[in-house]
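Letters A, B, ... are given to chains in the order of the sequence lines, protein chains preceding strands, and every chain is numbered from 1.
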2 protein chains.
Amino acid sequence: MAETETFPERRRGSGVKLVYDLLRDEILDLVLPPGSPIDEVQLAERFGMSRTPIREALVRLAGEGLVETLPNRSTMVANIDFLNMHTFFDALTLMYRVTTRLAASYHQPADLEIIREHQARFTAAVEAQDALAMIASNRDLHAAIAEAGRNPYYISLFLRLLDEGRRLLRLYYQSFNDRLPREYVDEHEAMIAAIEARDVELCDRLAKAHADQIVRQIQQFLARDQRQSLPL
Amino acid sequence: MAETETFPERRRGSGVKLVYDLLRDEILDLVLPPGSPIDEVQLAERFGMSRTPIREALVRLAGEGLVETLPNRSTMVANIDFLNMHTFFDALTLMYRVTTRLAASYHQPADLEIIREHQARFTAAVEAQDALAMIASNRDLHAAIAEAGRNPYYISLFLRLLDEGRRLLRLYYQSFNDRLPREYVDEHEAMIAAIEARDVELCDRLAKAHADQIVRQIQQFLARDQRQSLPL
DNA sequence: TGCATTTTATTTGTCGACAAAGAATCGACG
DNA sequence: CGTCGATTCTTTGTCGACAAATAAAATGCA
């Protein structure tokens, strides 16, 4: 249980980022399940540093809503709010649409290259049936599209939503079959082509369809999960 | 210059919030102009506390983009990015529309009361020609509308945008006439009525018109300002 | 035994101090 | 007189320690 990780000579100032990135990944990959408490001292020992940088990393995570902190009492991994899931779906769909539209308008050649790289990775993940790689590359792909749209406000909200979605999908692929429909690959291709053609309206329609597809799939899972957890 | 503020016995844990709130206000009201450096030690002395809580407040402000921090070097008040102002306008307009639409759908009676209170304050500010009160109450009014829409993702993005707008407007009303068109009062009234009538489409149109109006006014100011700062 | 109250224990919030990383200053050399 | 390099100085990043706040355990009492 107590694996001795060793973090050798670090550069001054790199500590927070190290802790932040790792904690973030562990939260989004559900290694740290929602609601689990986070002990500062324990983390300090684990990373071989003082509590100060740990604390700063936690404050940043709290700012992004990945961690909830009760005053004078332990901070814990943020819960997933299943009750208000529809607000998440609503915002996610809107951001899919808006970022894809903007990408159609403002993308530059270099953006398309990056987007295509991510799409290639996503395709490879689908063919390898590697669910985690699918989740990651799907996220990266849409993040790249958002970047091509060049609106920092949308980008930051979208990233937050995609991360939250990463947690949800992770939940999904832990419990069920590890296959993501090949459809997604084609939908992505269509979106990329529409972006390249700078066809804003087509982008909007494709993005909405794509988002609806994903939302439907997650909702299906949620419903199924809810049925399973019903008392008999 | 060195006014001796006294912050007497504080409760444990209240320090960060105190510093955060005050710094935030000073940044948004341009008491701390964009680009001005922030010295931790100086703040620590001013508030009569150690650097630790100051630091945490700064980390949180950085998370909201109100403050930029260079590694190993001083953190400073975030600059206003005049070059990419259109991304701000675009996001602001969209959030005006979305939050008003959602308010039409999801508001409850208590929400309308709160909204009307803010509108009353806004009206009073307009009649008193108190620009700062207008800015504040206008912000609060739209924040209340967003709250009535009950989507935390939109709410947080919108609040961020409204704050950024508060800085812009502050810039505006420092330099020019302190009058906001009476039109805004009527536009607000129309929006509130549409929300109450749960007319989503009308809300959308009114919100868009209102946003366009505000954007146009700010752009007008920016253009005028740019002309003035041209070398002769 | 069951409940209220005191005591202990754990964990956070804050502090003062020190060392590293730049920036500014000074000085040597051309 | 200007440029480069060493030195000082300022400001941040990190540390270990202590005290407040709360939870958990222990104690007293009916």
Taking only N/O atoms, report every protein-nucleotides 10-12 of chain D pair under 3.5 Å with atom names and distance.
residue, atom, partner, partner atom, Å
dT12(D), OP2, D39(B), OD1, 3.3
dT12(D), O2, R12(A), NH2, 2.1

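In this structure, R60(A) forms a cation-pi arrangement with Y20(A), its terminal cationic atom sitting closer than 6.0 Å to the ring centre and no more than 45° off the ring axis.
In this structure, R11(A) atom CZ and dA19(C) atom C1' are separated by 17 Å, rounded to whole Å. Protein atom CD of E45(B) is 11 Å distant from nucleotide atom P of dG16(C), rounded to whole Å. At whole-Å resolution of the value, CG in L18(B) and C1' in dT14(C) are 14 Å apart. Distance L58(B) CG to dT14(C) C1': 16 Å, rounded to the nearest Å.
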Identify every side-chain donor-acceptor pair in residues 83-92 of chain B under 3.5 Å, counting partners at least two apart or on other chains, and give the distances.
residue, atom, partner, partner atom, Å
N84(B), ND2, D81(B), OD2, 2.9
T87(B), OG1, N84(B), O, 2.7
D90(B), OD2, Y154(A), OH, 3.1

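Contact check, S50(B) against dC15(C): a side-chain N or O comes under 4.0 Å of OP1 or OP2.
There is no side-chain donor-acceptor pair under 3.5 Å between N138(B) and H118(B).
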*Going through the distances and angles, do E164(A) and R167(A) end up as a salt bridge (charged side-chain N to carboxylate O under 4.0 Å, His left out)?*
CA-CA 5 Å; E164(A) 192 62 35; R167(A) 266 209 318 178; 3.6 Å; yes

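With sequence neighbours excluded, the residues satisfying ring-ring contact (aromatic ring centres under 6.0 Å, His included) with Y96(A) are H142(A), F158(A), H210(A).
Other residues, nucleotides and ligands place more than 12 heavy atoms under 6.0 Å from the CD atom of Q219(A).
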